[in-house]
Amino acid sequence: MNKMTLKDFDYNGKKVLVRCDFNVPMKDGVITDDQRIVASIPTIKYLLDQNCAIILMSHLGRPKGVSNPKFSLEAVSKRLSELLNQEVEFLDDDQVVSDDVKAKVKELKPGQIALLQNTRFRAEETKCGEEFSKDLASLADFYVNDAFGTSHRAHASNVGVSGYLPSALGLLVQKEVDIMGKAIKDPERPFVAILGGAKVSDKIGVIENLLNLVDKIIIVGAMANTFLKAQGKNLGKSLVEDDKLDIAKDLLDKAKAKNIEILLPKDLVVAKEMENDAESKTVSVDEIESDYMALDIGNKTLDAIENALKDAKTVVWNGPAGVFEMDNFNKGTFGIAKFLANLDAITIIGGGDSAAAVEKAGLKDKITHVSTGGGASLELLEGKELPGIKAIKDK
Ligand code: AMP
């Protein structure tokens, strides 16, 4: 990929509009995980060194096109000020860009930073509206896309605005695309994918595409239940997508025809209810009683996974191995995280819940790359071109 990058423009004395991904988890107005804000710092610091004024923008949650204080970016501006140790002026305006905001941006001097209000307070944002895109572009001389987490969407603040300003990829997006791009195009082999999480339906396209790229696929989490049922096993009360059994069968057949090993659980931790204190036991996949449900992988499965991974040189992981939010069903997910942390390979975590698990286990620093975008990294693995990246011109 040869897109315009942050370092390709001279920003001296200019204004630069940067799309960040500040879509952070919040509880009662307090940010519960600031990783996405931290991830934006390298691009911001680079720009500060270039003697330009910086206007940041992002969405937060789903306010559905109307202003709503619950989704205000004010807490983000405060956290960012703390991290940068400098003021980030919060341009709180229900219209995101108004005459008042334009006037304030005009006054910004090189070295100063401002943050716009949540771009999704405007209904045109998710429709890639032309007027809103132009309004945003009118604030600056350059545009930088540093929001990997929204790159799979074509919105005004990432795709629309790039049509009206000289545009570049930020350092974060570039890193994400470089690492994931290499894994997809030219991986060091053996290349193994681990897919888990709740639904097969979310990842059918990913599996189809990975069958052309990887040497092995390990399937865990509730996703595996549908594949096991497709093989004729009784899954009791487990989460199964009965309308996807044919697709699961078809994917297993395709893998066989291509000689790609698909590793499914051999044993599972089961309980009668999805409750942390529910009595649980580990059983073989052939022995699940009808009033039990699978909530994690068992030790034999974890051993088999470790054995399948031990020679791997590239590993991509997306989706937990069980209901990892509950301490009694997190052993499989944390076991995989620990094994990957100590593996001598390029290890890539595709955002979302597996990223949260690695963070919770304190292992993030031992993973080659933890993506900031679950949906976007899944689309890359699916072989799709991301609109937010495509919109930036080639060099
Ligand atoms: P996803 O968003 O598709 O990555 O799915 C993540 C969710 O899958 C997490 O909230 C997990 O609790 C859930 N999950 C993983 N394994 C299971 C399982 N065996 N049964 C029910 N939910 C599961």
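Everything numeric in this text was worked out from a predicted model, so none of it was measured. Each residue takes its place number in the sequence, starting with 1. Just so you know, these numbers use all the heavy atoms, side chains as well, and skip hydrogens, waters and symmetry mates.
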For F334, which residues count as a ring-ring contact (aromatic ring centres under 6.0 Å, His included) partner, sequence neighbours excluded? none

Give me the atom names and distance for the closest heavy-atom approach of L73 to L116. CD1-O, 3.6 Å

Applying the side chain to side chain contact (heavy atoms under 4.5 Å, CB included) test to V101, which of I55, D92, D93 qualifies? D93

Can D49 and K45 be counted as an ion pair, charged N to O under 4.0 angstrom? no

For N330, the side-chain hydrogen bond (donor to acceptor under 3.5 Å, both in side chains) test, sequence neighbours excluded, returns none

May I have all residue pairs that pass side chain to side chain donor-acceptor pair (under 3.5 Å) and include part of residues 211-223, sequence neighbours excluded? R189-D215, N212-K258

When clusters are formed from ILVMFWY side-chain contacts under 4.5 Å, directly or step by step, what else is grouped with V323? V269, M274, M293, L295, M326, F329

What verdict does the side-chain hydrogen bond (donor to acceptor under 3.5 Å, both in side chains) test give for T150 and N158, after you've listed the backbone C-alpha separation in whole Å, the side-chain angles of each residue and the deciding distance to 0.1 Å? CA-CA 8 Å; T150 36; N158 66 339; 4.6 Å; no

Would you say V200 ends up clustered with L210 if hydrophobic residues are merged whenever their side chains have heavy atoms under 4.5 Å apart, either directly or through other cluster members? yes

Counterpart residues, salt bridge (Lys or Arg N to Asp or Glu O under 4.0 Å), relative to D8 (two or more places apart): K395

Less than 3.5 Å apart, any donor N or O on the side chain of D267 or T301 sitting next to an acceptor on the other? yes

With no hydrogens and no angle check, do the side chains of N328 and S280 hold a donor and an acceptor under 3.5 Å apart? no

Apply the hydrophobic cluster definition, ILVMFWY joined by side-chain contacts under 4.5 Å directly or through others, and give me every member besides V66. none

May I ask whether V192 and L378 are part of the same hydrophobic cluster, defined by side-chain heavy atoms of I, L, V, M, F, W, Y residues being less than 4.5 angstrom apart, directly or through others? yes

What pairs meet the side chain to side chain donor-acceptor pair (under 3.5 Å) rule with one or both residues in residues 220-229, with sequence neighbours excluded? K229-D242

Does anything in residues 290-300 form a side chain to side chain donor-acceptor pair (under 3.5 Å)? List the pairs, not counting sequence neighbours. none

Checking side chain to side chain contact (heavy atoms under 4.5 Å, CB included) between P320 and each of D353, I336, V220, I297, which is the one that passes? D353

Provide the full list of ring-ring contact (aromatic ring centres under 6.0 Å, His included) pairs with a residue in residues 155-212, sequence neighbours left out, each pair given once. none

By ring-ring contact (aromatic ring centres under 6.0 Å, His included), F142 pairs with (sequence neighbours left out) F9, Y11

Does a side chain donor of either E176 or S377 reach within less than 3.5 Å of an acceptor in the other side chain? no

Before accepting this row, confirm whether a basic side-chain N of the pair D394/K3 lies closer than 4.0 Å to the acidic partner's carboxylate O. yes

Residues clustering with L239 (ILVMFWY side chains joined when closer than 4.5 Å, directly or via others): none

The complete set of side chain to side chain donor-acceptor pair (under 3.5 Å) pairs with one or both residues in residues 125-134, sequence neighbours excluded, reads T119-E125, E125-S157, E130-K134

Between K104 and E107, is the closest basic N to carboxylate O distance under 4.0 Å? no

Which residue is it: I346, L343, I348, L340? I am looking for the one with a side chain to side chain contact (heavy atoms under 4.5 Å, CB included) to I367. L340

Any Lys/Arg nitrogen of E74 or K78 sitting under 4.0 Å from an Asp/Glu carboxylate oxygen of the other? yes

